[in-house]
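The basis for the numbers below is simple: all heavy atoms, side chains too, and nothing from hydrogens, waters or symmetry mates. By convention in this document, chain letters (A, B, ...) are assigned in the order of the sequence lines, proteins followed by strands, and residues within each chain are numbered from 1.
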Amino acid sequence: MSDRRIRVRFAPSPTGPLHLGGVRTALYNYLFAKKMGGDFILRIEDTDQNRFVPGAEGYIIESLKWAGLNFSEGPGVGGKYGPYRQSERKEMYRQYADQLVENGNAYYAFDTNEELEEMRERMTKAGMSSPKYDHITREYMKNSLSLPKDEVEQRLKNGEHYVIRIKIPRNEEIKLHDVIRGWVTVKSAELDDKVLFKSDGMPTYHLANVVDDYLMQISHVIRGEEWLPSAPTHVLLYRYLGWEEVMPKFAHLPLILKPDGNGKLSKRDGDRLGFPVFTLNWNDPVSGELSSGYREAGYLPEAYINILAMLGWHPSDNKELFSMDELVESFTLERVSKSGAKFDFEKAKWYNHQYLKTKDNAYLANEFKPTLANYDVEVSDEYLQKVCGLIKEKATFLKDFWSLGSYFFLRPMHYDESVIAKKWDANCPAFFTAVNEKFKTTANFTAAELQVIYEQTATEMNLKPGNYMQLFRVLISGQAAGPAVWEMVEVIGKTETNIRIETAIEKFGVIGISVS
RNA sequence: GGUCCGUUCGUCUAGGGGUUAGGACCUCAGAUUUUCAUUCUGGUAACACGGGUUCGAUUCCCGUACGGACUACCA
């Protein structure tokens, strides 16, 4: 069994957009598969026809694709264990449910919702803390264990609605090994007789999951912690179906929690705190509500992956920046943490910045172009690339490029008032004019040369260069902050710089009117 | 309520019976004889609590507290 091929699956249900946590689960599955030279499979768990949301499956696939989590088997790509939608596997499950009934490990139950509700109420009133359909209560319910055989047959013959429930043993210890958490032991008396097969002819998660994992030869089940409580039931299912030998290994991942306060991260938190919780924008077909996604918010897929990877997993050293290949290289399930992680949006932004500034200028220029077109700006590729090279150092997102660097394309409309008010003095017109004249005549319009000219001029006029630096920046760009001044001026170019200096001197005049 | 899982700086975490408990984000201070959202340097800041075990526990064990998940003919 140790030489078994590693096969893992990401198995979302198509009930809505993919949450951060979902992508992280997919990522860990992917990393583990790649690391082990195995297969990463996508399986759509759409056994609940009532919760089906149109577009959700396509959304999930597009999300995975964007994030670079390519699956080798699944809807759309096929594979020899297909189909990969549970709704298309419907006929496969019944026989296993029947087998369980035949072997006495499951039974028919005819109870209506009202009857189940009644039972729970009754038990609650009787002081039972957690009413459940179990080895005690099933005695009083309508099922093939409590009813006479001929009545059961009659009911089946009449086509009465029924479900098939697992028969949990009365008093057993169920042990399961979790790769992340170690041994977990549960007493069977705490479990309930879960429905395996619904009256609509579909299996529930529990049956479908076990059957499909077996049929698809899944070696490791890597899923969210919310499944841990039902894992013992799954173990029993493998046993009763005779598949214990090839039962997958389990790894239950910790949850991603709200940044503030307590609890699981939800879409509401994102709305409240101003960050996306989904991968892509999602337009809910039912409510019409639009939710923002990381892709549209300006995140680079590499950054998104890196953020998610570090949320619940950590290498033994202090390395924080990982490419997908590096993650594959160092990932192990053993190093996944046990406790939930609060999502930190500030750190997420930091990650994006880290990746953004390593992007080459040609790529950024290309991505930035459409924005420029919106403003009717036309510049050469060469110029645009230089600009990108300067502003990427300051930017968190590509979409910030315009607000950060519009002055590279348009003359300033406004000047930072506080800087003008604070720094402009009677020496300014003469000083800036002198600097400008020298700029006009220099044959070498480079950052280094410009700085020399500027400083010499100041010294000659008995002025402190530092006093007018920020002011100079504002004259050129209108903004108080930005890239290194001289590099900025070099890129903007001689002619344009001359014009901007002259315009500003004219505007602020001899005395340095306080603006406005 | 019950069952299960968890608990190291504000946050993500490394570490592990004897450490100045390390890194990153955030924050603060200095630097880049100019700004800054970049970069650099430095600082503040943590082993939930109580019992054991031990020469010694943050590390192992047990309790308590707190947090989370689950408790559907949903996944």
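- Rounded to the nearest Å, the gap between the C1' atom of rC9(B) and that of rA48(B) is 14 Å.
- Of the candidate nucleotides rG68(B), rA75(B), rC12(B), rA75(B) has the atom nearest to the side chain of Y205(A).
- If you check every strand for non-hydrogen atoms under 4.0 Å, R51(A) touches a base.
- With ring centers used as reference points, F343(A) lies under 6.0 Å from F275(A).
- Rounded to an integer number of Å, the gap from CD of E225(A) to C1' of rC70(B) is 10 Å.
- Look at NZ on K422(A): it is 10 Å from P on rU35(B), rounded to the nearest Å.
- In this structure, K194(A) reaches neither bases nor backbone, as no heavy-atom distance under 4.0 Å exists between it and the strands shown.
- Looking at heavy-atom distances under 4.0 Å, D111(A) makes contact with a base.
- For the pair E190(A) and P483(A), nearest-nucleotide mapping onto RNA chain B gives the more 5' position to E190(A).
- Here V195(A) lies in heavy-atom contact (under 4.0 Å) with sugar-phosphate atoms only.
- Nucleic acid contact class of H353(A) (heavy atoms, under 4.0 Å, all strands): sugar-phosphate only.
- Counting non-hydrogen atoms under 4.0 angstrom, T47(A) reaches the backbone sugars and phosphates but no base.
- Side chain of S146(A) to backbone of M141(A): a donor-acceptor contact under 3.5 angstrom is found.
- With respect to the salt-bridge test (charged N to carboxylate O, under 4.0 angstrom), the residues D344(A) and K342(A) do not qualify.
- Scanning atom types as modelled, one donor and one acceptor separated by under 3.5 angstrom connect the side chain of S199(A) and the base of rC73(B).
- Atom CD of E226(A) and atom P of rG68(B) are 15 Å apart (whole Å).
- Across all strands shown, K264(A) has heavy atoms under 4.0 Å from sugar-phosphate atoms exclusively, and none from any base.
- You'll find the ring centres of F431(A) and Y454(A) inside the 6.0 Å limit.
- Note on A480(A): a base of the nucleic acid sits closer than 4.0 angstrom, heavy atoms only.
- Salt bridge status for R43(A) with D213(A): present, with a side-chain N to carboxylate O gap under 4.0 Å.
- We find that CE of M123(A) is positioned 14 Å from P of rA72(B), with the value rounded to whole Å.
- The separation between F397(A) atom CZ and rA37(B) atom P is 17 Å, rounded to whole Å.
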Exercise for the section: Sugar-phosphate means primed atoms, P, OP1 and OP2; the rest is base. With that split, encode nucleotides 18-34 of chain B 5' to 3' as B, S or - using protein heavy atoms under 4.0 Å. Expected result: ----BSBB--------B
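- Nucleotides rC60(B) and rU7(B) have their P atoms positioned 10 Å apart, rounded to a whole Å.
- The pair E57(A)-R85(A) counts as a salt bridge, with a side-chain nitrogen and a carboxylate oxygen less than 4.0 angstrom apart.
- Using a 4.0 Å cut-off between a side-chain N of Lys or Arg and a carboxylate O of Asp or Glu, K132(A) and D134(A) qualify as a salt bridge.
- Within 4.0 Å (heavy atoms only), S337(A) reaches sugar-phosphate atoms of the nucleic acid but no base atom.
- With salt bridges taken as basic N to acidic carboxylate O contacts below 4.0 Å, one links K359(A) and E302(A).
- In terms of modelled atom types and a separation under 3.5 Å, the side chain of Y355(A) and the main chain of Y304(A) share no donor-acceptor contact.
- Contacts of R120(A) with the nucleic acid, taken as non-hydrogen atoms under 4.0 Å apart, involve only primed sugar atoms and P, OP1 or OP2.
- The residue D178(A) sits apart from the nucleic acid: no heavy atom pair falls under 4.0 Å.
- Of the candidate nucleotides rG6(B), rG68(B), rA14(B), rG68(B) has the atom nearest to the side chain of L255(A).
- Across all strands, G224(A) comes closer than 4.0 Å to no nucleic acid atom at all (heavy-atom distances).
- Closest contact between the side chain of S316(A) and the listed nucleotides rC70(B), rG15(B), rU7(B) involves rG15(B).
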